[in-house]
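Reading through the structure tokens given below for one structure.
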Amino acid sequence: DGIETFDRAGLRIRLCVVDGAARVASAQVALADGDVLGAITHLREAVAVRPDPSARELLGGLLFFVDDLAGARQQWERAFREWRNAGEARAAALVAALLADLHSSGFGNRVVGQGWVARARRLLAPEGRCVEQGYVELAVMACETDDVERLDQATRFALELADEFGDSELEVRALAD
């Protein structure tokens, strides 16, 4: 961030220029130091400067971590819209999967969670086979926990995609579920 000072009509004016990317970098440093609340502050400043769906997604995750579920929902919904508006269907679908899990597990509203899964699937339909489909299928776990056969199918599909695309994080999540 830069501070600019200039004189105008006998007045000395100082402006602080906030760089969103610098705020995100500061948030990453804070996280590396274990300062979650500091990271949240930096990310809030970053997204106030300009749209940054990646920063919003991280901010939502940190708010979820500190048990601010309403704040997480708000940031993830904005990240979803920003990714979608930028034409990033796969990224938007991943955020929709987060929202599905949040609504189902966090708020206990499986119907809304299922709606977010449906949105994610709709976004991914024109994309063809992609690893993001595996993450969306795992979101089904939280939304359809009563249907054991459906859960098994979702896990198998996620594992298949994890293997096909070499995504070890997806593989671990699928095995954990």
Side-chain angles (χ1 to χ4, degrees), residues 21 24-36 38-40 42-43 46-47 52-69 71-73 75-84 86-107 110 113-177:
V24 171
S26 295
Q28 291 169 333
V29 169
L31 273 179
D33 290 341
D35 182 7
V36 174
I40 289 171
H42 291 301
L43 289 168
V47 299
D52 185 339
S54 182
R56 279 199 192 281
E57 194 174 335
L58 179 57
L59 176 56
L62 292 177
L63 291 170
F64 181 84
F65 178 76
V66 299
D67 209 28
D68 180 355
L69 301 185
R73 188 198 86 234
Q75 293 305 319
W76 283 341
E77 286 176 353
R78 288 181 180 176
F80 172 83
R81 283 191 302 274
E82 289 175 8
W83 282 126
R84 189 188 58 200
E88 297 290 340
R90 290 178 180 189
L94 288 176
V95 175
L98 292 171
L99 284 159
D101 189 38
L102 174 66
H103 280 282
S104 296
S105 301
F107 296 130
R110 288 172 42 185
Q114 290 168 346
W116 280 105
V117 168
R119 287 182 101 173
R121 285 179 173 153
R122 237 180 53 232
L123 281 169
L124 292 176
E127 299 292 318
R129 277 179 75 86
C130 59
V131 72
E132 290 81 3
Q133 291 172 326
Y135 288 96
V136 171
E137 286 307 307
L138 293 183
V140 171
M141 302 293 190
C143 300
E144 299 178 5
T145 55
D146 295 337
D147 186 344
V148 177
E149 185 177 315
R150 178 68 186 107
L151 296 177
D152 184 57
Q153 182 183 24
T155 301
R156 288 179 191 277
F157 183 62
L159 281 170
E160 181 182 307
L161 290 171
D163 185 49
E164 180 179 337
F165 292 100
D167 190 321
S168 59
E169 182 179 342
L170 178 59
E171 178 184 17
V172 169
R173 286 185 183 194
L175 291 171
D177 287 337

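- Aromatic ring orientation, His103 versus Trp116: parallel (interplanar angle below 30°, classes split at 30° and 60°).
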Would Arg90 and Glu127 count as a side-chain contact (heavy atoms from CB on, under 4.5 Å) if you check the C-alpha gap in whole Å, the side-chain angles of each, and the deciding distance to 0.1 Å?
CA-CA 8 Å; Arg90 290 178 180 189; Glu127 299 292 318; 3.3 Å; yes
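- In this structure a side-chain-to-backbone donor-acceptor pair under 3.5 Å is present from Gln133 to Gly128.
- Across Ala100 and Gly113, no two heavy atoms sit closer than the pair CB-O, 3.3 Å.
- By the neighbour-count criterion of 12 heavy atoms within 6.0 Å, atom CZ of Phe107 is densely surrounded, having more than that number from other residues, nucleotides or ligands.
- Glu57 CD to Trp76 CH2: the interatomic distance, rounded to the nearest 0.5 Å, is 8.5 Å.
- Atom CG of Leu31 and atom CG of Leu43 lie 7.0 Å apart (nearest 0.5 Å).
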Applying side-chain contact (heavy atoms from CB on, under 4.5 Å) to Phe64 and Asp101, what does each step give before you reach the verdict?
CA-CA 11 Å; Phe64 181 84; Asp101 189 38; 5.6 Å; no
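- A salt bridge between Arg150 and Glu137 is present, with a side-chain N of the basic residue lying under 4.0 Å from a carboxylate O of the acidic one.
- Proximity of Glu164 to Arg129: side-chain heavy atoms (C-beta onward) are separated by under 4.5 Å at one or more points.
- Smallest separation of non-hydrogen atoms from Ala91 and Trp83: CB-CD2, 3.4 Å.
- No donor-acceptor distance shorter than 3.5 angstrom exists from the side chain of Glu171 to the backbone of Asp163, with no hydrogens or angles considered.
- In this structure, Asp152 pairs ionically with Arg156, as a charged nitrogen and a carboxylate oxygen lie closer than 4.0 Å.
- Across Pro53 and Ala79, no two heavy atoms sit closer than the pair O-CB, 3.6 Å.
- With rounding to the nearest 0.5 Å, the separation of CZ in Arg56 from CZ in Arg81 is 8.5 Å.
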Checking Leu59 against Leu63 for the side-chain contact (heavy atoms from CB on, under 4.5 Å) test, could you report, in this order, the C-alpha distance in whole Å, the side-chain angles of both residues, the deciding distance, and whether it holds?
CA-CA 6 Å; Leu59 176 56; Leu63 291 170; 4.0 Å; yes
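- Among all heavy-atom pairs drawn from Ala158 and Leu170, the shortest one is O-CD2, 3.5 Å.
- The distance from atom CG of Leu94 to atom CG of Leu99, rounded to the nearest 0.5 Å, is 11.5 Å.
- In this structure, the separation between OH on Tyr135 and CD on Glu169 is 4.0 Å, given to the nearest 0.5 Å.
- Asp67 is linked by a salt bridge (Lys or Arg N to Asp or Glu O under 4.0 Å) to nothing, counting only residues two or more places apart in sequence or in another chain.
- Checked against ring pair (Phe, Tyr, Trp, His ring centres under 6.0 Å), Phe165 has no partners two or more places apart in sequence or in another chain.
- When all heavy atoms are compared, the tightest approach of Leu161 to Cys130 is CD1-O, 3.7 Å.
- Once rounded to the nearest 0.5 Å, the distance linking OG1 of Thr155 with CG of Leu159 reads 7.0 Å.
- Taking all atoms of both residues into account, the shortest heavy-atom contact from Val136 to Ala120 is CG2-CB, 3.6 Å.
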